[in-house]
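By convention in this document, chain letters (A, B, ...) are assigned in the order of the sequence lines, proteins followed by strands, and residues within each chain are numbered from 1. All values below come from the heavy atoms of this structure, side chains included, with hydrogens, waters and symmetry mates left out.
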Protein chains: 2
Amino acid sequence: MRTRTTIKDVAEAAGVGVATVSRVLSGGSASPQTRERVLAAAAQLDYRPSALGRNLRRRSTGGIGLLIPDVTDSFYGRVADGVLACARAAGEPVIVGATGDDPEDESELIGMLLEQGVERVVAVPSGEAEPWRPATRAGLTVVFAGRRVAGVDDVPAVLADERSGVRTAVEYLIGLGHRRVAYLGGHGHGQRTAAFRDTLTALGVTVDEELIAFGRATRDSAYAAASGLFQHRPDLTALVAAGNLLGEAAVLAARELDLRVPKDISLIMFDDVPWAELCAPPLTVIAPPARDIGYRAAELVLRGASPRGRAVRLPTELIVRGSCGPRR
Amino acid sequence: MRTRTTIKDVAEAAGVGVATVSRVLSGGSASPQTRERVLAAAAQLDYRPSALGRNLRRRSTGGIGLLIPDVTDSFYGRVADGVLACARAAGEPVIVGATGDDPEDESELIGMLLEQGVERVVAVPSGEAEPWRPATRAGLTVVFAGRRVAGVDDVPAVLADERSGVRTAVEYLIGLGHRRVAYLGGHGHGQRTAAFRDTLTALGVTVDEELIAFGRATRDSAYAAASGLFQHRPDLTALVAAGNLLGEAAVLAARELDLRVPKDISLIMFDDVPWAELCAPPLTVIAPPARDIGYRAAELVLRGASPRGRAVRLPTELIVRGSCGPRR
DNA sequence: AAACATGATGGAATCGTTTCCATGAGGACG
DNA sequence: CGTCCTCATGGAAACGATTCCATCATGTTT
C-alpha cells in the first residue's frame, strides 16, 4: 500500500522547502504566492499533517485524558459528554479510561496516559491521593470533576454545589414535616454526607446515626443497604439517596417492601436521570449539572488551569416531582 | 523542570547502547547479565518508554478509536464500556468521539483519528457510507458495532440479532391476542423495522402502515411520535418501541394520555435499561447484549479483523416483566 | 550609492523510539 | 590451529513534523 503523503511530498510538489510548508500550514509568515502554491499542493495531495511527527517534536500528545469510574453510569456519562463536547470544539482528541473507582486501576490508567504523552487530564478521581502523585510530579495538568481528593490540593476542581443541594433537599423534607429522615450514601459522597448531618443539626433535628447507611458501587450492595434501612427502621418517613444508583435501589426496595411513595415514605435523590420521570410517582431530585461540570473541567484543563486554582462550584437544582409528601 | 528520562539515559546508566535497552525491554535477545543491568537501570530511573517515539517509528498509534452517537445513551454507553474493557485488557488506549449520528461530524472525527495515526476503529456508524471511504482507503481496520452501513460491505460488524429479537417480541404480542400492534422506530433501526413488518405478515396479520411511526433521536421528537400514534389510533392495543429512547417516550406518552399499562396498552421495548425495572409496571424488553457487542467488536479489531469478515450476530433475550398483557 | 533593516526561504537539527547492519567475541568443528 | 557459525552488541538511520539559524533578495535610510 502506498505510504501516506508527508510534508516532504507537499514541499516537493509545491517546489518549496519543508520548512515553508510547515510555516504556511501553521499560519506562519509566507509570501502570498508561495502560500497559494503550498495550499494548492496540499489540497491536491489531500495532505493531513500526521500528529505523530508533531507530537514527538512537541514532546506531547495534544489531546486530553478522561478518567471516570464508569461510562455506564448516567452521571459520569453526562460528565464525559461535556468533556467530549468541549474537546471537540477545540479539535482535541480524548483518551478515555474507566477506573471502576479502583485506585489501582486508576493508577495504571494514569501511567498509560503518561506513556501516551498526554499532559492534560480531566478525572473523576477514585478518592485516593496516591495515584495522583506521579501525575503531578510529571507535570500533568489535572482538573478534577465532580469530586476532589483529600490531600491533593494543588489540583483545581469543578464540582456540583453538593452542600447547598443536599441542604435544600433536607430543608424541603423537614419543611414537609419529616423528622426521621434517612440517608443512603455511597463511595465518594463525603461532601453530601457531611452536608446531610450539618443541615439536620442546623435545623435542630438530632442526627440518628442508625438512619445513615452506605452501599458500595454495585446495584446489589445499594439494594441491600436500602432494604436493610427500611426493614430495620420502619419508623423512618423520608430518605435522601446520594446518587442515582442509590436512588434506584431505594425505589426498588420500597416497592419490594410495599412501601407506598410518597404516602409511606418520601424519596429524594441526588442526581437527575431520565428514568426519574418514568417512575411512579416521578422522583423528586436534586439535579447536578453533570454535563456542565465536564465541559467546564475540560475548558479549564485546556486553558492550562492554574495549579493553585480553587474549586468551581456549579449550582444544583431542586426538581419537585411526585415522590415527596407531607409526613404521614 | 527536568525532562523525562529517555532510553538514552537508561542506556548510559546501564553502560550499554540504546539498541540493547530497546531489545531488552521489548523481549529481544540479550545476555542474562546485560538484561539484568538494563532492567535494574530502568527500574531505578523509573523509565517508561514514550509512546510518542515508538508511534512515530511504527507509523501508527497503537490505540483504538471508538465512535459512538452519544455517550449518554445507555445502549451506546454499554457498548463503549465493552470496548474500554477489552482495550484495557490489551493495554491499548482508546480515543473516543461522539458523532451525534451526524455523518458530517462522523466524517470529521474519522479525519481526526486518521490524523492521530489511529489505525483501528470500532464504530456505531451513523448510516452514511461516505464518511467511511477515506477510512478504508487509508487502510484503517474498522469494525462496526450494533449497526452496519449499506454499501460498506468490506467492514465486519458485530450486531445484536435484531431480526430474531423483534420477531420474538411480535410473536409474544400476537400470542397475547393483539392484532393492532404499533411500531415506534428511530434512526438506524432499519433491521428492526423490517423484522417487524416481516413477522407480522408471516403471522398472517396485515401490516397497517399507519401504525408505524418514527421519531428522530431527541426526546421531544420521540415523544411527539409516540403521542401522535396513541392519539391518532386509539384502537391500537400494543406497541413495540425500537430503542430505549422510544420506549421512554412511549411510557411517558401513555401516562400522559391516561392509558393504563398493560390494561389499555401493552408495551415492549428493544433494549434493556436500569429504569425498565423501575417503571410501574416494570417494562418487558428485548435485551441486546450491548456490552458484549462492544467487547467482541474490540476483540475483532485488535485481532486485525479480516476485511472480508461477515457479521457476527449476538442473541437477544426476551425479559418478561409486567408491561404486556392479553388484548383488552 | 553604501549600509542597513526587513522578510521570505530552505537546510538541518531535533524529538524518542525501533531496527537494520556491521563488528567482534567466543565456541564448535574439521 | 584455522575457519565458520552463532550470538550479543552498539552505531546509525529511519519515522514526520517543527523550528532555529543562516542566507539571500528586496526595500529603506542616510
Query raised in the report: Counting N and O atoms only, with roles assigned by atom type, does the side chain of B:Thr61 sit under 3.5 Å from a partner on the main chain of B:Gly63, one being a donor and the other an acceptor?
Result: no
Requested in this report: Starting from the C-alpha separation in whole Å, work towards a yes-or-no answer on salt bridge (Lys or Arg N to Asp or Glu O under 4.0 Å) for B:Asp153 and B:Arg148.
Outcome: CA-CA 9 Å; B:Asp153 302 314; B:Arg148 55 191 341 183; 5.7 Å; no
Query raised in the report: What are the residues of residues 32-40 of chain B, sorted by number, that bring a heavy atom to within less than 4.0 Å of DNA chain C?
Result: none
Query raised in the report: Quick one: is C:dG10 close enough that its OP1 or OP2 comes under 4.0 Å of any side-chain N or O from A:Thr20?
Result: yes
Query - Contact letters for nucleotides 11-16 of chain C, in which S counts primed atoms plus P, OP1 and OP2 and B counts the base, heavy atoms under 4.0 Å - result: BBBBBB
Query raised in the report: With a 4.0 Å cut-off on heavy atoms, is B:Gly117 in touch with a base, just the backbone sugar-phosphate, or nothing at all?
Result: nothing
Report summary line: Closest non-hydrogen atoms of A:Thr5 and A:Asp9, given as atom of the first, atom of the second and distance, are CA-OD2, 3.2 Å
Query raised in the report: Can you tell me how far CZ of B:Arg313 sits from CD of B:Glu162, rounded to the nearest 0.5 angstrom?
Result: 8.0 Å
Report task. Test B:Arg35 against B:Ser31 for side chain to side chain donor-acceptor pair (under 3.5 Å), laying out the working first. Result -> CA-CA 6 Å; B:Arg35 152 164 282 116; B:Ser31 76; over 6 Å; no
Query raised in the report: A:Ser126 and A:Glu106: side chain to side chain donor-acceptor pair (under 3.5 Å), yes or no, with the steps?
Result: CA-CA 7 Å; A:Ser126 77; A:Glu106 187 175 40; 2.7 Å; yes
Query raised in the report: If every non-hydrogen atom of A:Pro288 is compared with every non-hydrogen atom of A:Phe75, which pair is closest and at what distance?
Result: CG-CE1, 3.7 Å
Query raised in the report: More than 12 foreign heavy atoms under 6.0 Å from CZ of B:Arg296: is that the case here?
Result: no
Report summary line: On a heavy-atom basis, the closest approach of A:Arg147 and A:Leu159 is N-CD2, 3.3 Å
**Report entry** Boundaries of the DNA chain D segment in contact with chain A, non-hydrogen, under 4.0 Å
**Finding:** D:dG16 to D:dT19
Query raised in the report: Any side-chain donor-acceptor pair under 3.5 Å between B:Ser74 and B:Arg78?
Result: yes
Requested in this report: Report which part of the nucleic acid B:Ser29 touches: base, sugar-phosphate, or nothing (heavy-atom distance under 4.0 Å, all strands).
Outcome: sugar-phosphate
